[in-house]
Amino acid sequence: MSAQVVTRFAPSPTGYLHIGGGRTALFNWLYARGRGGKFLLRIEDTDRERSTPEAMAAILRGLTWLGLDWDGDVVSQFARKDRHAEVAHEMLVRGTAYKCFSTQEEIAAFRAAEEAAGRYPVFLSPWRDADPATHPEGAPYVIRMKAPRTGETIIDDQVQGRVVIRNETLDDMIVLRSDGTPVYMLAVVVDDHDMGVTHVIRGDDHLNNAARQQMVYDAMGWQVPVWAHIPLIHGPDGKKLSKRHGATGVEEYQAMGYPAAGMRNYLTRLGWAHGDAEIFTSEEAMKMFDLSGIGRAPARLDFKKLENTCGHHMAMAEDAALLHELRAYLAAAGREPLSEAQNVLMQRALPFLKSSVRTFPELLDKASFLMASRPIMQDSKAAEALDTVSRGILKSLTPRLQTASWTKEALEPILTEIAAENGIGFGKLAAPLRAALAGRTVTPSVYDMMLTIGREETVARLMDASQ
RNA sequence: GGCCCGUUCGUCUAUCGGUUAGGACAUCUGGUUUUCAACCAGGCAAGAGGGGUUCGACUCCCCUACGGGCUGCCA
């Protein structure tokens, strides 16, 4: 019987949810959900200077949009500071940590001297093995971990493999500051242990830190979690993803109109693979996802593929869910909401509209014929299609539409007949029809449009255009 | 500077010592079509460089180059 899997996502609330962070959260979610485990959320807000409630709210919004639900309450790391301090003092008792009275000036001087001598600037505290009797009374101190000076620390990473770090390159890191507050490196370990985290899946910028953290686990006699350090996401030019590449925040992608399911699929495949699987639902991804499928090289963002993936998910989506997400998009992008009438028409049009669009803006563009209201304004190309002859044809068409039953089967013969009577191909008839119905030359099928807006509106638009 | 990680088509990747190095996106060509898409068929396209190990290396080892990360009383 194996213990339940517990993963977590632990962002710092210093800004919006970064796309890389979103993917890290996604991997943790997928791994836990696919194994009946728990996915926890912890906010690393110990840096009081940079942490803001706005940032925390933005991160939660980002995760929610991505569809990543977490178990239990959000844990505040700052709120657990007493527990962290307690562990630091327990390390003191165990003899795996010590009080260090060195001032920052002394440390800086030590480092400068080491560097000048061409050695590693690793600080070696003179208080490491000092007799407590020699401790200065009432002087401020930090608690440092008594890290092994020799040998090596081995991180058995599920993605990076066996990483060996020589202990001499690591210093006795501070676990508790002189003001009694814990340092991140201690807080993560204590929190992960207390929360029962079994698998730590995070960015590989923490790979080196893992060695230090593992020392804390060892010092406390706690079980080390399974490590999985995933590569960061890069911009299209291969450099670290930053603002100049465009969108880096998850919420920006929502505002650009990418469907969340497509975003999840794309992000899952970015840096992870399972054979030739490309398009899949989250449920399928949960079944397939495993740590061994994660690549070791950083991946670049490719908007073309993102769009393509989103296109598949648009087509796969259920109409009701898609309509719901469309309205959420409109709100997120600050666009005008659908009117009652537009909502009804949209429901009718979604089945054929969704099959050929990638994003919500594209969907709305294809739906412009139902978003517009009379009189329909023609763009220049559409106006060209409405020459005198065409207007006459449209005019002769309207009486027949009045009596036809409103199905594609019934309309098709009427339109082909009209085209034949006028000695033109169907294509020549479709152009002015498009212009009259949508005001453009690029539109969905004329039948789909007519069926969507209905007989009355169709006839009215044709009459308008034939004037 | 030191330490750690990485490098297969333009991009995401498969391969886990023996393959015509496969798939997807993009791109190009053709087909279909009432327009744009979508769709269908096909084409182009890759193991960073150099040394080893081996009967045989994209796969294992070393060096170099390039990219990234860490090196804080930040997280």
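We use all heavy atoms of the structure for the numbers below, so side chains are in, but hydrogens, waters and symmetry mates are not. Within every chain, numbering begins at 1; the chains are lettered A, B, ... in the order of the sequence lines, protein sequences first and strands thereafter. If you're wondering where the values come from, they're calculated on a predicted model, not measured in any experiment.
Note that A:Arg440 lies outside the cation-pi zone of A:Phe369, set by a 6.0 Å cut-off to the ring centre and a 45° limit from the axis.
Spacing of P atoms, B:G51 relative to B:G68, comes out at 28 Å, to the nearest Å. The gap from the C1' atom of B:C61 to that of B:C28 amounts to 42 Å, rounded to the nearest Å.
Counting atom types as modelled, A:Thr441 pairs no side-chain N or O with a base atom of B:U35 as donor and acceptor under 3.5 Å. Evaluation of atom-type donor-acceptor distances gives a pair under 3.5 Å for the side chain of A:Lys305 against the base of B:A24. Between the side chain of A:Arg50 and the base of B:C74, a donor-acceptor pair under 3.5 Å is found. At a cut-off of 3.5 angstrom, counting only N and O atoms as typed in the model, there is a donor on one side and an acceptor on the other between the side-chain of A:Arg269 and the base of B:C12.
Checking A:Phe39, A:Phe289, A:Trp272, A:Phe9 one by one against A:Phe27, the ring-ring contact (aromatic ring centres under 6.0 Å, His included) holds for a single residue, A:Phe289.
Atom CZ of A:Arg144 and atom CE of A:Met91 lie 12.5 Å apart (nearest 0.5 Å).
Judged by distance alone, the side chain of A:Gln214 and the main-chain N or O of A:Ala210 form no donor-acceptor pair under 3.5 Å.
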Report, one pair per line, the protein and nucleotides 42-50 of chain B atoms (nitrogen or oxygen only) whose separation is under 3.5 Å.
none

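Listed by residue number, A:Val142, A:Gln160 are the residues of residues 142-160 of chain A with a heavy-atom contact under 4.0 Å to RNA chain B.
One finds a side-chain N or O of A:Arg111 lying less than 4.0 angstrom from the OP1 or OP2 phosphate oxygen of B:G72.
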